[in-house]
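Not measured: the values here are computed from a predicted model.
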Amino acid sequence: MAKLTSRAENYSQWYNELVGKADLAENSDVRGCMIIKPHGYSIWEKMQSALDKMFKDTGHSNAYFPLFIPKSYLSKEADHVEGFAKECAVVTHYRLKAAEDGSGLIVDPDAKLEEELIVRPTSETIIWNSYKNWIQSYRDLPILLNQWANVVRWEMRTRLFLRTAEFLWQEGHTAHATKGEAVKEAEQMLEVYAAFAEEFMAVPVLKGLKTASERFAGALETYCIEALMQDGRALQAGTSHFLGQNFAKAFDVKFATKEGKQEYVWATSWGVSTRLMGALIMSHSDDLGLVIPPKLAPIHVVIVPIYKGEEQLSQISEYALKLKGELQQKGLTVKFDDRDTYKPGFKFAEYEMKGVPVRVAIGPKDLANGTIEVARRDTLEKSTISNTKATDHIYGLMNIIQKNIYNKALKFREDSSHKVDDYDEFKRIIANEGGFVYAHWDGSAETEELIKQETKATIRCIPLDQEKEEGKCIRSGKPSKGRVVFAKAY
RNA sequence: CGGGAUGUAGCUCAGUCCGGUAGAGUGCUCGUCUGGGGGGCGAGAGGUCGCAGGUUCAAGUCCUGUCAUCCCGACCA
């Protein structure tokens with residue numbers, strides 16, 4: 001396996017190569033679609049199970065709605081159509097037949113669908129069409145559902161995990177009796193996402209509100225978490241939407257209040273996708289390959305034996321399997337790689353590429369000395385320790401690594417965040433250094449668009465913890481009451 | 001949908017200008033020596049040169065058409 005292109009040399013090539021060499025995913029022959037390979041999927045499963053637990057803990061249940069949505073549903077909510085119509089895959093026929101000239105299969109023109117179906121780009125419409133039937137009274141509320149699904153958005157330019165035509169995600173869809181409750185739900189799920197990103201992915205995130213132009217199609221308010229990648233570009237890692245009564249009105253979902261009045265239901269939706277894989281990869285990994293935080297690592301520890309001949313291998317195996325068993329008792333996933341078909345050096349490089357947090361090497365010297373060699377993936381430090389301390393030491397390393405990775409990412413973000421009040425300075429930083437730029441903005445879509453045209457930077461969010469501060473808009477000079485966060489984004 | 005480029009071994013690509021037996025690196029298979037950081041040596045398998053026409057004694061190479069992919073722009077979790 002050849003070395004990776006370094007991040008400094010070509011960041012985007014580094015990313016592409018890493019996704020391939022770490023065995024996470026590959027491109028499909030179907031344009032824009034990806035094949036998620038076992039190692040990549042294992043990480044996704046870890047993410048799913050942690051998130052799923054958090055959703056359940058906050059009172060949500062899983063359900064499943066269809067892949068296909070009648071075309072007419074989409075058009076019921078005006079902004080929603082506007083946002084998604086341009087990227088929908090459409091099913092028009094339900095049968096193929098052999099071509100008469102023998103050239104293969106063709107779409108059977110006699111099998112045209114009465115109403116065309118779209119492949120879901122998101123499920124608000126089909127879900128609210130059901131909620132209409134499920135909700136009559138305030139007693140039916142709230143409805144707190146989530147679904148794990150695939151969706152399709154026909155993107156022109158795609159990149160593995162970051163933007164693919166088909167992707168996996170979860171979408172929460174909730175229905176509430178009051179506006180306050182719905183807003184609270186949207187905010188709560190944003191907190192869940194932020195906690196997940198920071199505690200499991202070890203990715204620090206900014207919590208904020210999207211500006212009107214960046215808002216989800218059909219939402220009144222979009223909350224988001226934004227992460228900063230190592231190349232200084234921002235990545236939207238999750239969104240939570242307060243949908244107001246837009247979908248309730250579009251699908252005529254009313255409920256009887258305690259007082260017997262008919263009112264429209266309040267809604268939220270929220271989602272994170274396999275894009276999180278991109279965030280994970282680009283937050284921590286280095287020129288040797290992937291770095292995965294222990295809480296999401298499919299394998300925590302790999303043990304590599306170093307030996308000559310069968311006899312030595314069997315002695316080392318005994319030693320290694322004992323350690324493996326002890327670590328498993330502690331709840332760690334351990335792989336003992338006794339393949340004889342690859343040499344130790346190759347294995348070291350391979351597990352570094354795949355991001356296994358801790359590697360243990362055991363050779364004849366260790367047997368003689370009662371030691372093992374422990375290597376950390378995050379710092380690349382190697383240390384030789386007594387085998388009597390091995391289990392506790394390695395177990396303890398998991399927390400240390402988890403924290404270290406987070407702190408490193410946090411420090412990077414802090415070092416890459418700038419307060420800027422001068423537009424030339426703003427342009428210079430956006431163009432050369434990247435990172436998050438905190439600057440004043442007059443609140444108008446026109447100015448936002450101008451800045452985007454002139455610098456390629458967009459407003460990533462209006463931070464939830466925004467400080468009140470009188471200032472002048474960096475572009476228009478008009479008054480502003482607080483700073484918003486600009487960056488070039490993925 | 002506009003601008004640019006590329007289709008040759010599993011992968012990355014040379015060969016095309018100037019037509020003459022299909023190449024390299026890597027990966028793969030077998031043998032052997034090796035084994036504490038991506039091994040050495042030897043042998044071997046693997047290709048309708050994107051597709052369809054044409055020119056020619058002869059086409060990966062020249063001509064025409066066609067399909068596909070990638071990159072840069074407009075759109076986006």
remark   = RNA chain B nearest-nucleotide lookup for A/R359 and A/T239: closer to the 5′ end is A/R359

key: Residue mapping more 5' on RNA chain B - nearest nucleotide basis, A/E166 or A/G345   = A/G345

Under a 3.5 Å limit for both distances, which nucleotide forms a Watson-Crick or G-U wobble pair with [N], could you say?
{"N": "B/G37", "value": "none"}
{"N": "B/G47", "value": "none"}
{"N": "B/A24", "value": "B/U12"}
{"N": "B/C30", "value": "B/G42"}
{"N": "B/U61", "value": "none"}
{"N": "B/A5", "value": "B/U69"}

Look at all strands and tell whether [X] reaches a base, only sugar-phosphate, or nothing, counting heavy atoms closer than 4.0 Å.
{"X": "A/T458", "result": "nothing"}
{"X": "A/G363", "result": "base"}
{"X": "A/S273", "result": "base"}
{"X": "A/N16", "result": "nothing"}
{"X": "A/F216", "result": "nothing"}
{"X": "A/K365", "result": "base"}

Determine whether the side chains of [X] and [Y] contain a donor N or O and an acceptor N or O closer than 3.5 Å.
{"X": "A/E448", "Y": "A/S213", "answer": "yes"}
{"X": "A/T222", "Y": "A/H241", "answer": "yes"}
{"X": "A/T458", "Y": "A/R460", "answer": "yes"}
{"X": "A/D231", "Y": "A/Y15", "answer": "no"}

inquiry  = With a 3.5 Å cut-off and heavy atoms only, can you find an N or O donor on one side and an acceptor on the other between the side chain of A/E352 and the base of B/G37?
reply    = yes

key: Base of B/G37 paired with side chain of A/K382 (donor-acceptor, under 3.5 Å)   = yes

Could you state the atom-to-atom distance from [atom1] of [X] to [atom2] of [N] in whole Å?
{"X": "A/D29", "N": "B/U69", "atom1": "CG", "atom2": "P", "result": "10 Å"}
{"X": "A/K354", "N": "B/G38", "atom1": "NZ", "atom2": "C1'", "result": "15 Å"}
{"X": "A/W169", "N": "B/C76", "atom1": "CH2", "atom2": "P", "result": "15 Å"}
{"X": "A/K343", "N": "B/C33", "atom1": "NZ", "atom2": "P", "result": "14 Å"}
{"X": "A/E373", "N": "B/G35", "atom1": "CD", "atom2": "P", "result": "17 Å"}
{"X": "A/F346", "N": "B/G38", "atom1": "CZ", "atom2": "C1'", "result": "7 Å"}
{"X": "A/R215", "N": "B/A77", "atom1": "CZ", "atom2": "C1'", "result": "17 Å"}
{"X": "A/L162", "N": "B/C76", "atom1": "CG", "atom2": "C1'", "result": "13 Å"}

Sticking with atom [atom1], work out how far [N] lies from [M], rounded to a whole angstrom.
{"N": "B/C30", "M": "B/C57", "atom1": "P", "value": "49 Å"}
{"N": "B/A24", "M": "B/U64", "atom1": "C1'", "value": "32 Å"}
{"N": "B/A74", "M": "B/C1", "atom1": "C1'", "value": "9 Å"}
{"N": "B/C51", "M": "B/G60", "atom1": "C1'", "value": "14 Å"}
{"N": "B/G10", "M": "B/C28", "atom1": "C1'", "value": "8 Å"}
{"N": "B/U69", "M": "B/G27", "atom1": "P", "value": "30 Å"}
{"N": "B/U66", "M": "B/G19", "atom1": "P", "value": "27 Å"}
{"N": "B/A45", "M": "B/U26", "atom1": "C1'", "value": "16 Å"}

note = CD1 (A/I316) and CG (A/D366) are apart, to the nearest 0.5 Å, by 8.0 Å

task = Run through A/K347, A/R359, A/K3, A/K21 and flag the one making a salt bridge (charged side-chain N to carboxylate O under 4.0 Å, His left out) with A/E352.
result = A/R359

query = Near A/K71 NZ, under 6.0 Å, is it more than 12 heavy atoms from other residues, nucleotides or ligands?
reply = no

query = CD of A/E82: more than 12 outside heavy atoms within 6.0 angstrom?
reply = no

Strictly under 3.5 Å: I want the nitrogen or oxygen pairs between protein and nucleotides 71-75 of chain B, one per line.
| unit_1 | atom_1 | unit_2 | atom_2 | d |
| --- | --- | --- | --- | --- |
| B/C72 | OP1 | A/R157 | NH2 | 3.4 |
| B/C72 | OP2 | A/R157 | NE | 3.2 |
| B/C72 | OP2 | A/R157 | NH2 | 2.6 |

Measure from the side chain of [X], starting at C-beta and using heavy atoms only, and say which of [options] lies closest.
{"X": "A/Y342", "options": "B/C28, B/G36, B/A77", "result": "B/C28"}
{"X": "A/F167", "options": "B/G36, B/A77, B/G38", "result": "B/A77"}
{"X": "A/R275", "options": "B/G36, B/G38, B/A77", "result": "B/A77"}
{"X": "A/A361", "options": "B/G36, B/A77, B/G38", "result": "B/G36"}

key: Centroid-centroid distance, A/F486 to A/F426, less than 6.0 Å   = yes

query = Given side chains that start at C-beta, do those of A/M189 and A/T268 come closer than 4.5 Å, heavy atoms only?
reply = no

